[in-house]
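Scope of the values below: all heavy atoms of this structure, side chains included, with no hydrogens, waters or symmetry mates. Numbers here are sequence positions counted from 1.
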Amino acid sequence: MKYMTEAILVGLAAFLALLGAAFAQDSLFQTHMWILFALLAGGTLVLLRNVHVTPQAEAAQSEESFYMDGVVRYGVIATVFWGIVGFLVGVVIACQLAWPELNIEPWFNFGRMRPLHTSAVIFAFGGNALLATSFYVVQRTTRARLFGGNLAWFVFWGYQLFIAMAATGYLLGITQSREYAEPEWYVDIWITVVWVAYLIVFMGTIVKRKEPHIYVANWFYLSFIITVAMLHLVNNLAMPVSLLGVKSYSLFAGVQDALTQWWYGHNAVGFFLTAGFLGMMYYFVPKQANRPIYSYRLSIVHFWSLIFLYIWAGPHHLHYTALPDWAQTLGMVFSIMLWMPSWGGMINGLMTLSGAWDKLRTDPILRMMVLALAFYGMSTFEGPMMSIKSVNSLSHYTDWTIGHVHSGALGWVGMISFAAVYYLVPKLWNRERLYSLRLVNWHLWLATLGIVIYAAVMWVAGIVQGLMWREFDSEGFLVNSFIETVSAIHPEYVMRVFGGLLYLLGAFVMAYNVWMTIRGRVRDEAAYGATSTGPVPAE
């Protein structure tokens, strides 16, 4: 009987969550277990409603003959949904910084909403984009169905459960206060189980491939999966106070804890937000351009140099701290060296359009991909520059860093994810084309304007902060108090809200376009890029 085993296991997990709520050692753990019980009980009911007998012959045919695209469809929908949630929370916390009276205690203040925003954008939006595209790409490039049967569905729904538990935990105040790794110990254990299952599905599919060659996109996806697992396990080593309580204590302390945190934090950016999305780029840019990758040899050099150099760059987050000076310098040197492989990947992606640049006039999806590569190149130049100690002395702890992060996250990660969604939706739902290419163009310009406004005003705000913080009078005293620097950049904070709103509006346009495409609608519109019907010069 299909789904009966899954229903029993989820029901058993719901019962264990109920026991956890009953015997909890603190009120926060009890509340979190009640939330977990509600989610698992709802999942059990859904599974029971879908239990049915599947003839063995039909099941065998389905297993051997077709790609497993159902989980990819769900992943695309989850990507769009969590993207809107993450961007919306980002606009809310930008408003809270501009107008502090919007902080609502205790659950909706900036301190709890900010990690909700970062995790929603990185792990919910970005993570679902990586799950969906990696499952799609690995099947097409290996000509094999996903390994493990329903294990891919466990990965997808297990990941959504992780997102829900992490998000509710932040609002409740359940956090271990580690950047990009806030969930407490029991949520960390759960995502470890899900991530190992993800690795098994991906690796198993590659092992049973019918295509002898392993395309480079799969190398990037695989490096992202393996390295994130290693980073997560080391950074989150902790001892819980009680098996029925939320609190735990990290294995590390002092400067060792700081170094471990930023070894994890920078490489979460490096492998989750860079290597994984480069795998996306190496598949979808050639497919959308209908051109082979410019240089396969360069892609291999790009891969190995990037993953070797990135892992050493974390100490540049700890300049002028108690970290030994040699470690700070090591992080700076490797960060500067990262500029070369990063731009090698950007050039490889852009040069793939050689002989096909004219398609940019008629294909807004390809234009979105080119913009993503441009923002990737810009942010991977800015990052190494900011790691230089003399530059870092001005930029560190300021909003310049916020502008840098968002130019990369919104410009590179967001744009390449949007383009991948637009590529996938018609193919996954067997539609001739998207509902509207002109709406894609609207999304492109709304998102681009939003990013440019956001990043530019944060650069200005950061440099103003840095200069005001280091201004001394003739007697050696600081000229400006901290609150004076906050007042000076208030206009930039208001402009940041406007930039974020434009980006959020673009995401709503995408959601509408995707929804109408799934429903099978096609907008009656002139061909995108069509010229006027007036006189044309003779050839």
Side-chain angles (χ1 to χ4, degrees), residues 111 114-115 118-119 122 175-185 188 227-239 248-275 305-342 379-406 408-409 458 462-463 465-470 472 478 482 485:
R114 188 264 178 183
T118 54
S119 290
I122 296 171
T175 172
Q176 58 180 353
S177 302
R178 303 180 76 81
E179 185 72 353
Y180 311 135
E182 285 92 348
E184 270 289 1
W185 64 273
D188 286 337
T227 310
V228 167
M230 176 184 70
L231 297 168
H232 171 78
L233 287 172
V234 176
N235 185 57
N236 291 288
L237 289 172
M239 177 61 71
S248 66
Y249 287 95
S250 172
L251 178 66
F252 308 102
V255 72
Q256 290 86 2
D257 187 53
L259 180 58
T260 305
Q261 161 63 63
W262 283 111
W263 170 76
Y264 166 88
H266 191 77
N267 288 300
V269 174
F271 286 87
F272 202 99
L273 297 179
T274 302
S305 56
L306 189 86
I307 65 167
F308 173 73
L309 294 175
Y310 230 123
I311 206 76
W312 300 93
H316 75 226
H317 289 265
L318 298 169
H319 285 332
Y320 305 108
T321 67
L323 190 71
D325 191 64
W326 68 265
Q328 299 178 37
T329 303
L330 180 75
M332 180 184 73
V333 170
F334 274 89
S335 299
I336 295 169
M337 292 167 67
L338 265 173
W339 178 29
M340 293 177 283
S342 298
S379 59
T380 53
F381 170 78
E382 185 184 26
M385 180 186 69
M386 293 173 70
S387 74
I388 299 170
K389 284 188 175 183
S390 56
V391 178
N392 195 266
S393 66
L394 174 66
S395 70
H396 203 33
Y397 306 119
T398 73
D399 285 319
W400 185 351
T401 304
I402 309 303
H404 163 65
V405 167
H406 282 78
M458 287 297 98
I463 293 171
Q465 282 176 310
L467 292 175
M468 291 182 73
W469 289 348
R470 60 165 58 181
F472 296 91
L478 288 171
F482 180 79
T485 68

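Inter-residue side-chain proximity for Tyr264 and Val234 is flagged as unmet; no heavy-atom pair is nearer than 4.5 Å. A 4.5 Å side-chain heavy-atom check between Met332 and Pro384 finds every atom pair outside the cut-off. The shortest distance between side-chain heavy atoms of Tyr249 and Trp185 does not fall below 4.5 Å. In this structure the side chain of Ser342 reaches within 4.5 angstrom of the side chain of Leu306, judged on heavy atoms. Between Ile336 and Ser387, the closest side-chain pair of non-hydrogen atoms falls below 4.5 Å. Between Met230 and Ile311 there is a side-chain heavy-atom pair separated by less than 4.5 Å. Side-chain contact between Asn235 and Gln261: present, with at least one pair of heavy atoms (C-beta onward) separated by less than 4.5 Å. Between Leu259 and Leu323 there is a side-chain heavy-atom pair separated by less than 4.5 Å.
The distance from atom CG of Leu309 to atom CG of Leu338, rounded to the nearest 0.5 Å, is 5.0 Å. Separation of atoms OG (Ser379) and NE2 (His404) is listed at 6.0 Å; rounding is to 0.5 Å. Rounding to the nearest 0.5 angstrom, the gap separating the CG atom in Asp188 from the CD atom in Gln176 is 5.0 Å. Between His232 atom NE2 and Phe272 atom CZ the span is 11.5 Å, to the nearest 0.5 Å. Here the straight-line distance linking atom CD1 of Ile402 with atom CD of Gln465 works out to 9.0 Å at 0.5 Å rounding. Here Trp469 contributes atom CH2 and Thr398 contributes atom OG1; the two are 6.0 Å apart, rounded to the nearest 0.5 Å.
Shown here for Thr380 and Trp339, the closest heavy-atom pair between the two residues is O-CD1, 3.9 Å. Nearest heavy atoms, Met386 versus Asn392: O-ND2, 3.1 Å. Minimum heavy-atom separation, Ser305 to Pro341: OG-CB, 3.1 Å. Looking at every heavy atom in both residues, Ser335 comes nearest to Gly331 through OG-O, 2.6 Å.
For the pair Thr274 (side chain) and Phe271 (backbone), a donor-acceptor distance under 3.5 Å is absent. For His406 (side chain) and Gly403 (main-chain N/O), no donor-acceptor pair under 3.5 Å exists by modelled atom type. A donor-acceptor pair is defined here as one N or O able to donate and one able to accept, closer than 3.5 Å; no such pair exists between the side chain of Asp399 and the backbone of Met458. Side-chain N or O atoms of Gln328 include none that pairs as donor or acceptor with a backbone N or O of His316 at under 3.5 Å.
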>> Applying side chain to side chain contact (heavy atoms under 4.5 Å, CB included) to Ser393 and Arg470, what does each step give before you reach the verdict?
In response: CA-CA 10 Å; Ser393 66; Arg470 60 165 58 181; 3.1 Å; yes
> Given Leu273 and Ile122, is the side chain to side chain contact (heavy atoms under 4.5 Å, CB included) satisfied, shown in steps?
Replying inline: CA-CA 8 Å; Leu273 297 179; Ile122 296 171; 4.0 Å; yes
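When only modelled atom types and interatomic distance are considered, Ser248 and Glu184 share a side-chain donor-acceptor pair under 3.5 Å. In summary, the side chains of Trp400 and Glu382 do present a donor paired with an acceptor at a separation below 3.5 Å, with no hydrogens or angles considered.
Aromatic ring centres of His317 and His266: separated by under 6.0 Å.
Ring geometry for Trp262 versus Tyr180: interplanar angle over 60°, hence perpendicular rather than tilted (30 to 60°).
A salt bridge is defined here as a Lys NZ or Arg NE, NH1 or NH2 lying under 4.0 Å from an Asp or Glu carboxylate O, and Lys389 with Asp325 meets this definition.
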